[in-house]
Amino acid sequence: MKGLVPLLLGIFGTFAFSWAGLILIPNMQIGQLTPQSDEEGSDIYPMPRSGMVERGRHVYAANGCAYCHSVWIRPEYAANDLERDRDYAAKVPWGVRRSAPRDYIFDRPVLLGKERMGPDLANMGKAAPSEEEPAPGASQTPAPSPAKLGQQPYTAAWHHRHLYSPRSFNIDSNMPAYRFLYQRRPVGSERSADALELTGGDAPPAGWEIVPTFDAQCLVAYLMSLDQSHPLSEVKSGAPAAAPAGSPAAPGGSPAAPAGSPAAPAGSPAAPAGWPAAPGASPKSSPPAKK
Amino acid sequence: MSAPGIPLKESTIPASAASDVEQVERALIDASTRVPVLMFYASAIIWLLIGTVMAAFVSFKLHAPDWLSDIGPLTWGRMRPAHMNVMVYGWASMAAMGTGIWIMARLCRTTLRHPLLLVAGGGFWNLGVLLGVSGILLGESTGYQWLEFPPYAAVVLFLAYLLIMSWAVLMFRFRYGEQIYITQWYLLGAFLWFPWLYAAAQLMLFVVPVQGVLQAAVTCWYANNLLFLWLGAIALGIAYYMIPKVIGRPVYSYHLAAIGFWTFALFSSWTGMQRLVDGPFPAWMITASIAAMILTIIPVATVGLNHHMTMQGYFPLMRYSPTLRFTVFGAMSYTVFSVVGVMISLRSVARYVDFSQASIAYSHLGLYAFVTMTLFGSMYYIVPRLVGREWRYASLIKLHFWGSAYGIGLMTLMLLAGGLAQGINQDTPSLPFVESVQTIEPYLRGRSLSGILLTFAHFIFAFHFGLMLLGLGRASTVPTFLNPVETEGSETHL
């Protein structure tokens, strides 16, 4: 086998071909996406995140959360992601539509995740049903585990307690506890507002309290910012057909968010577009969102 | 030193020429590569042990999540990328570079000039890996799979690599003779692909970052090509060198070898995106990768056929030669690895196994059963020629082989079967999610068992290598056979 020049050309050529095909052309296709907005230029999605959320993203990356939790939802024709409920009892779905490239344009690093030892988190921040809209199915089913806290599921307090002691919610979970993100200190003049509500073996001795470090607060802010429920024009939104009145699930280019409560702060757990949470409603049966 | 090597190109060199001149030439080449190659091997084996211990953490913590979880650097989510990076950059890359340099020198029939500069390059590479792993453990991981090293460590690693690579390429420049053997194709390709790949990925992630999901595409493209075009290419090159060399017979068909090389370079470099099937990407990217994955059957078939025809009639030699046994195991695993890869990338299967532990089985098939076993084989061949001693105990080699073979076999079975069960439960929305975690748990315990076997094998190998380094090998003119040689004829070939 002779001829060095063809060999070197071939080695370079195959590499360049693969780079151009899998990186360069996709970059031309989806590399310069911009946020979408409605006709008046309002209702912009997605929005850049706050500093705490961005720091939380790095805490999430540094502690390897992405090796167990994905942050993307597959379409309904490919898998049953859209039919899976985050909380089995409360019927809080994983998502209402598949993930699209536009959902991630401000993410750096982007943490899609390729394994699911734990549930998908694409809509984790959206998983808190708003208080004025109790899930219709909740009365028929056993109380969801977070309700043991006597508060709204998936609040910041829930996340902190879950990160500190994952098996206090589900004994079968194999998520590691992130206690090194929390600080144990003596109670000062009065108990700190953000001290964790712990029971049983997790509770600190009397006179002590467990408080989140700044990294833990950022991580929770990031988790609660994860939300892909906003409709995207390029993706079919599979909102449940039997949506309750006043629900934002009505398909259309102008979602209910501005009409509902335009002043909702970003990252608020009680953001306006709460889950309609109609049990038994299949996303497949819903009408596609129009352009 | 005894070098009962068989001339690789029998057609061009008359049998009588494998004489004193050749023996002296080989001895000179081996002497010039002794220090750097042994240094690369020693570092690689230390990283292998570190990575093995980390693997134990990763494996046990999955079914015992509270074990040592209160200490930040020991948390599962940091241990796992640390383990992967130690194995890829510390163990596999260093061992592959060591073997690559030695084979390159032998095939180019040129001595290694200024070996101490190569030692310096290896030292910097070690420093880069050390910095990177410490960074990950201290919570500075970048979050990009296989590129978790903080950028400062990546810079050290890259500069060290340039120093190392230029030596391999320089040797090629000063080669003796016009013939370029197929192993040199693979080695030259790997040594050139890696820096392009690494630089391209670093540039597109950290210097001029691409937008959003394209970062994930870059990561997948990089990780996949690192496995195929860097470690895989070197392992294939080793197999093309070791198998004919040990059995003393030329490669069956150069034609097939050429077809195998070009289809390998063309198709395997296009795979990778199948890991993101139905993700937030244009569907054509995924489909192109799945198609390329299926097409990799062509290089697998040609390479496999070539090795098989070369080995035809010589398979009994695997009973005696440690090198042949490990290398053939690696070459066969390449086929298994690719077939499993094709199966789990088909959309109908990927739906279930995409997020499951089956993908871990796949990467271990590639990185361990294929690449690592081939590297072990090359080390069993090269180390005696560098230290001038033969391996001390055949029993230790056998223990190493069976520990590794049963270990990786058990791990693959556990994770494939468990992953399938886990994935089916994941895609059954009527089951609570935690059910899928429950399903895989017994399999994860089985995987930990396989890890114990592998740990055992690696420590035995490290001990044996340590004996060789200390000059405690056997002083003999006959290589160490795994079993006493029964037939007269085979002795001349080993």
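Throughout, protein chains are lettered first and strands after them, A, B, ... in sequence-line order, and every chain is numbered starting at 1.
Note: A:Pro109 leads A:Pro109, A:Ala100, A:Pro176, A:Ala61 in heavy-atom pairs under 4.5 Å with chain B. In terms of heavy-atom pairs under 4.5 angstrom with chain A, the leader among B:Asp66, B:Thr219, B:Val210 is B:Asp66. Interface remark: of the candidates B:Pro81, B:Gly272, B:Ser359, B:Pro81 forms the most heavy-atom pairs closer than 4.5 Å to chain A. Chosen from B:Leu205, B:Leu138, B:Asp70, B:Ile71, the residue pairing most often with chain A at heavy-atom distances under 4.5 Å is B:Asp70. Contact count against chain A (heavy-atom pairs under 4.5 Å) is highest for B:Gly72 among B:Gly72, B:Ala64, B:Ala292. Contact tally against chain A (heavy-atom pairs below 4.5 Å) for B:Ala217, B:Ala350, B:Gly279: the top residue is B:Gly279. Highest contact tally toward chain B, considering only A:Gly64, A:Ser99, A:Pro119, is held by A:Pro119 [criterion: heavy-atom pairs under 4.5 Å].
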Could you give the side-chain donor-acceptor pairs of residues 189-196 of chain B under 3.5 Å, partners two or more places apart or in another chain?
residue: B:Trp193; atom: NE1; partner: A:Ile11; partner atom: O; Å: 2.9

Going by atom type alone, with no hydrogens or angles, which donor-acceptor pairs under 3.5 Å involve a side-chain atom of residues 17-33 of chain A and a protein atom two or more places apart or on another chain?
residue: A:Ser18; atom: OG; partner: B:Trp221; partner atom: NE1; Å: 2.8
residue: A:Ser18; atom: OG; partner: B:Ser269; partner atom: O; Å: 3.0
residue: A:Gln29; atom: OE1; partner: B:Trp284; partner atom: NE1; Å: 2.7

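The side chain to side chain contact (heavy atoms under 4.5 Å, CB included) test applied to B:Ile286 returns B:Met273, B:Leu276, B:Val277, B:Phe281, B:Ile290, B:Arg347, not counting sequence neighbours.
At a 4.5 Å heavy-atom cutoff, B:Met79 makes no contact with chain A through either its backbone or its side chain. Contacts of A:Ala78 with chain B are made by both backbone and side-chain atoms, with heavy-atom separations under 4.5 Å. With a 4.5 Å cut-off on non-hydrogen atoms, B:Ser268 does not touch chain A at all. Of the two parts of B:Arg351, the backbone and the side chain both hold a non-hydrogen atom closer than 4.5 Å to a non-hydrogen atom of chain A. Contacts of B:Ile360 with chain A are made by side-chain atoms alone, with heavy-atom separations under 4.5 Å and no backbone atom involved. Contact of A:Leu111 with chain B is made through the side chain alone, with heavy-atom distances under 4.5 Å. With a 4.5 angstrom heavy-atom cutoff, B:Thr142 touches chain A only via backbone atoms. If you measure heavy-atom distances from A:Ser70 to chain B, the contacts under 4.5 Å come from the side chain alone. For B:Val218, the parts lying under 4.5 angstrom from a heavy atom of chain A are both the backbone and the side chain. With a 4.5 Å cut-off on non-hydrogen atoms, A:Arg167 touches chain B through its side chain but not through its backbone. Using a 4.5 Å cut-off between heavy atoms, B:Leu62 touches chain A through backbone and side chain atoms alike.
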Show the numbers, then the answer: is there a side-chain contact (heavy atoms from CB on, under 4.5 Å) between B:Met84 and A:Tyr67?
-> CA-CA 12 Å; B:Met84 287 194 299; A:Tyr67 300 108; 4.0 Å; yes
Let me see the working for B:Asp354 and A:Glu115 under side-chain contact (heavy atoms from CB on, under 4.5 Å), right down to the final yes or no.
-> CA-CA 7 Å; B:Asp354 208 25; A:Glu115 272 163 53; over 6 Å; no
Under the side-chain contact (heavy atoms from CB on, under 4.5 Å) criterion, do B:Val437 and A:Asp172 qualify, and how do the steps go?
-> CA-CA 8 Å; B:Val437 182; A:Asp172 293 328; over 6 Å; no
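With values rounded to the nearest 0.5 angstrom, B:Ile440 atom CD1 is found 6.0 Å from A:Met117 atom CE. A distance of 5.5 Å separates CG in A:Leu4 from CZ in B:Arg175, rounded to the nearest 0.5 Å. Within the model, atoms CD of B:Gln438 and OG of A:Ser173 stand 10.0 Å from one another, a figure rounded to the nearest 0.5 Å. Of the inter-residue distances, the one linking A:Ile73 atom CD1 with B:Asp278 atom CG reads 12.5 Å to the nearest 0.5 angstrom. Between A:His69 atom NE2 and B:Phe355 atom CZ the span is 13.0 Å, to the nearest 0.5 Å. The distance from the CZ atom of A:Arg74 to the CG atom of B:Asp427 is 6.0 Å, given to the nearest 0.5 Å.
A heavy-atom distance below 4.5 Å is not found between the side chains of A:Asn170 and B:Phe433. Annotation: side chain of B:Pro65 is not in contact with side chain of A:Met175 (no heavy-atom distance under 4.5 Å). No side-chain heavy atom of B:Ser69 sits less than 4.5 Å from a side-chain heavy atom of A:Arg179. The shortest side-chain heavy-atom distance between A:Asp103 and B:Val213 does not fall under the 4.5 Å cut-off. The shortest side-chain heavy-atom distance between B:Cys220 and A:Lys114 falls under the 4.5 Å cut-off.
Under the 6.0 Å cut-off for aromatic ring centres, A:Tyr178 and B:Trp76 do not qualify, their centroids lying 6.0 Å or more apart.
Looking at A:Asn63, its side chain never comes within 3.5 Å of a backbone N or O of B:Gly77 through a donor-acceptor pair. Judged by distance alone, with hydrogens and angles left aside, the side-chain atoms of B:Gln215 form a donor-acceptor pair with the main-chain N or O of A:Val110 at under 3.5 Å. Side chain of A:Arg84 to main chain of B:Thr428: a donor-acceptor pair is present (N/O by atom type, distance under 3.5 Å, no hydrogens or angles).
Closest non-hydrogen pair, A:Ala62 versus B:Gly139, comes out as CB-O, 3.3 Å. Summarising the geometry of A:Pro101 relative to B:Pro280, their closest heavy-atom pair is CG-O, 3.3 Å, with the distance given to 0.1 Å.
Residues of residues 144-151 of chain B having a heavy atom under 4.5 Å from any heavy atom of chain A, listed by number: B:Tyr144, B:Gln145, B:Glu148.
Paired with A:Arg116 under the rule side chain to side chain contact (heavy atoms under 4.5 Å, CB included), one option of B:Gln422, B:Gln357, B:Gln426 passes, and it is B:Gln426.
The number of heavy atoms from other shown groups lying within 6.0 Å of CZ (A:Phe12) does not exceed 12.
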